[in-house]
Novice: 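Below: one structure in structure tokens.
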Amino acid sequence: MAITSGIVLFMVIWSMVFFIVLPLRMVSQGDAGEIVPGTHASAPADGQVGRKAKITTYWALPLWCIITAVILSGVISVRDIDMFDRMGPAVVSD
């Protein structure tokens, strides 16, 4: 795995985890009782995006390490996912 593909894999994992963490413990403006004029009552009262980005990084880094280790070890390869046998047999050269 090249450095670029490692970074792309980390960013994909990070963004997926971020979308999971983002709605956790969200307090809407309607729940807080302080609705800003011109916004919906379901808008977040305090987004805490920085805190959620840190939590996302803490979860994404170990996930990235596990997935990278699986990819680099060869336990699961693209040929294992090929359900329609389009890749053909693996060629081993001496």
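Just so you know, these numbers come straight off a predicted model, no measurement behind them.
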Novice: Quickly, which of L61, T68, L63, I67 forms a side chain to side chain contact (heavy atoms under 4.5 Å, CB included) with F10? Name it, please.
Specialist: L61
Novice: Tell me whether R51 at atom CZ has more than 12 heavy atoms from other residues, nucleotides or ligands lying less than 6.0 Å away.
Specialist: no
Novice: Give the minimum heavy-atom separation between K52 and L22, together with the two atoms involved.
Specialist: NZ-O, 2.6 Å
Novice: Using a cut-off of 6.0 Å, state whether more than 12 heavy atoms not belonging to M16 lie near its atom CE.
Specialist: no
Novice: So, does S5 use its side chain to make a donor-acceptor pair with the main chain of A2 at under 3.5 Å?
Specialist: yes
Novice: Please give me the minimum heavy-atom distance between F18 and V49, naming the atom from each residue.
Specialist: CZ-CG1, 4.2 Å
Novice: Please report the closest heavy-atom contact between I35 and A41, naming both atoms and the distance.
Specialist: CD1-CB, 3.7 Å
Novice: Work out which heavy atom in D80 is nearest to a heavy atom in I76; give both atom names and the distance.
Specialist: OD2-CA, 3.4 Å
Novice: Any heavy-atom pair between the side chains of Y58 and V17 that's under 4.5 Å?
Specialist: no
Novice: Which heavy atom of I20 sits nearest to which heavy atom of L24, and what is that distance?
Specialist: O-CG, 3.7 Å
Novice: State yes or no: do W14 and L9 share one hydrophobic cluster built from I, L, V, M, F, W and Y residues joined by side-chain heavy-atom distances below 4.5 Å, directly or via other members?
Specialist: yes
Novice: Out of curiosity, does I7 fall in the hydrophobic cluster containing I66 (side-chain heavy atoms, cut-off under 4.5 Å, transitive links)?
Specialist: no
Novice: When clusters are formed by joining ILVMFWY residues with side-chain heavy atoms under 4.5 Å apart, either directly or through shared neighbours, do V8 and I81 land in the same one?
Specialist: no
Novice: Answer yes or no: does atom CH2 of W59 have more than 12 heavy-atom neighbours from other residues, nucleotides or ligands under 6.0 Å?
Specialist: no
Novice: Between Q29 and V36, is there a donor-acceptor pair closer than 3.5 Å when you use the side chain of the first and the backbone of the second?
Specialist: yes
Novice: Should W64 and V70 be counted in the same cluster of Ile, Leu, Val, Met, Phe, Trp and Tyr side chains packed under 4.5 Å apart?
Specialist: no
